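Atoms within each ligand, like the ligands themselves, are counted from 1 in listed order. All figures in this text were calculated on a predicted structure; none of them were measured in a lab. For reference, positions follow the sequence shown, starting with 1.
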Amino acid sequence: MLQVKSLTKTFGGFKAVNGANLDVKKGEIIAVIGPNGAGKTTLFNLITGILKPDSGQVFFKNEDITGLPPYIVCKKRISRSFQVVNVFQRRTVFENVQVSVLARENKTWNLFTPSKKLVIEETNRILESVGLIDKGDDISAALSHGDRKVLEIAMALGGNPEFLILDEPTAGMAAEETDRCIDLIKQLSEKMGLTILFCEHDMELVFSISDRIMVMVRGSTIIQGSCEEVRCNEAVQDAYLGGSDVCLM
Ligand code: ADP
Ligand code: MG
């Protein structure tokens with residue numbers, strides 16, 4: 001479904017992404033792991049068109065989407081959430097999801113189409129699917145951190161994606177919230193048939209839900225393989241765990 005080939009992005013001479021490779025098959029859950037600064041977020045920004053690569057290519061369903069602007073990438077049904085929570089704080093939970101659905105439909109709030117009537121059903125369906133239906137009327141700023149991260153996923157779903165990219169979905173969450181988020185990601189994959197690419201520091205989560213894992217260090221792909229292959233790979237041990245001889249997990 002998605003293929004990244006030798007992607008490179010330089011910031012003022014510094015290679016943040018340096019020949020990254022990735023392939024994701026339809027229906028898979030793929031994790032990207034790597035230390036802070038490895039280039040994971042930059043890679044996601046390159047795939048979604050927020051940044052343009054210096055070289056390399058991104059293919060989505062065999063179509064070259066390299067360097068296309070974010071709104072076009074979104075129309076191809078690739079959506080993402082951000083590492084740093086990115087919601088309209090003073091709007092309700094419902095409105096935040098509603099606006100993401102409206103954005104997809106190319107509709108906007110105006111005098112002639114009372115916003116409340118638009119896409120109510122779909123917005124509620126999304127809120128239901130992520131477990132936020134009871135909080136639809138809450139002001140987003142009042143949500144717990146965990147709920148706000150889930151709201152971000154709900155907003156990504158507003159684009160009706162086939163391919164969902166989650167940047168550290170559980171960052172800063174309490175243990176209980178993390179468990180809920182794991183269940184949600186599994187459900188999005190199993191029940192809604194989404195293909196999911198995410199990056200995450202919580203190794204327990206990574207190994208419990210990923211079909212395959214890509215390991216990124218200093219902008220480059222070290223390996224992409226099954227959990228087993230990655231767990232005891234020597235290069236991963238050296239680079240990622242600083243030479244520890246204990247297997248991951
Ligand atoms: P990760 O998500 O794996 O922690 P990032 O992709 O955020 O890593 O960052 C990779 C490297 O690129 C870091 O050293 C970061 O400081 C640098 N970087 C990221 N974005 C920019 C930018 N817009 N300008 C300059 N340097 C950047
Ligand atoms: Mg990051």
Side-chain angles (χ1 to χ4, degrees), residues 2-24 29-58 65-70 73 78-87 145-146 148-153 155-156 161 163-173 177-178 181-182 185 196-207 209-210 212-225 227 230-231 233 235-244 248:
L2 183 89
Q3 253 189 320
V4 170
K5 290 186 181 171
S6 302
L7 216 53
T8 300
K9 179 69 187 177
T10 306
F11 295 115
F14 173 74
K15 287 185 172 165
V17 172
N18 187 14
N21 295 301
L22 175 69
D23 95 279
V24 184
I29 301 180
I30 300 285
V32 177
I33 62 170
N36 270 331
K40 304 179 294 294
T41 296
T42 305
L43 174 66
F44 292 173
N45 286 340
L46 292 170
I47 294 171
T48 51
I50 291 166
L51 293 170
K52 278 188 198 300
D54 299 328
S55 61
Q57 287 166 306
V58 182
I65 62 161
T66 317
L68 293 180
V73 173
I78 299 177
S79 285
R80 69 169 296 177
S81 75
F82 290 83
Q83 182 171 351
V84 179
V85 171
N86 208 8
V87 304
H145 174 72
R148 229 173 300 151
K149 297 276 290 183
V150 171
L151 172 56
E152 254 230 335
I153 296 178
M155 290 169 71
F163 192 94
L164 184 63
I165 299 178
L166 305 173
D167 196 344
E168 301 200 18
T170 70
M173 280 189 182
E177 292 176 325
T178 300
C181 194
I182 293 176
I185 294 171
I196 298 172
L197 174 68
F198 74 111
C199 73
E200 183 55 62
H201 286 292
D202 182 335
M203 285 303 133
E204 198 178 328
L205 188 160
V206 166
F207 283 102
I209 68 172
S210 307
R212 292 186 297 141
I213 298 170
M214 188 271 248
V215 185
M216 210 172 168
V217 177
R218 288 187 288 278
S220 304
T221 300
I222 292 204
I223 180 180
Q224 181 178 354
C227 297
V230 166
R231 198 172 266 149
N233 178 280
V236 175
Q237 297 294 333
D238 287 347
Y240 189 55
L241 297 175
S244 159
L248 281 167

List ligand 1 atoms under 4.0 Å from Ala16, heavy atoms only on the residue side.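 Result: 11 (C), 12 (O).
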Numbered in order shown, the ligand 1 atoms found under 4.0 Å of a heavy atom of Phe14 are 11 (C), 12 (O), 14 (O)
Quick one, [X] and [Y] - any side-chain contact, counting heavy atoms below 4.5 Å?
| X | Y | result |
| --- | --- | --- |
| Asp167 | Lys40 | no |
| Pro53 | Val17 | no |
| Glu200 | Pro169 | yes |
| Val150 | Glu177 | no |
| Val58 | Leu46 | no |

Side chain or backbone, does [X] bring an N or O within less than 3.5 Å of an N or O on ligand 1?
| X | answer |
| --- | --- |
| Phe11 | no |
| Ala38 | yes |
| Gly37 | yes |

So is Phe44 in contact with ligand 1, going by heavy-atom distances below 4.0 Å?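 False for this residue.
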Could you tell me whether ligand 1 has any atom less than 4.0 Å away from a heavy atom of Gly34?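 It does not, in that no heavy atom of Gly34 comes within the 4.0 Å cut-off of ligand 1.
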Intermediate values then yes/no, side-chain hydrogen bond (donor to acceptor under 3.5 Å, both in side chains), Thr170 and Asp202: CA-CA 8 Å; Thr170 70; Asp202 182 335; 4.8 Å; no
Is the shortest side-chain N to carboxylate O distance from Arg212 to Asp23 below 4.0 Å? yes
Considering Thr10, Thr41, Asn36, which one's heavy-atom position lies nearest to atom 7 (O) of ligand 1? Thr41
Of the backbone and side-chain N, O or S atoms of Thr41, does one lie nearer to the Mg ion (ligand 2) than 2.8 Å?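 Coordinating: yes.
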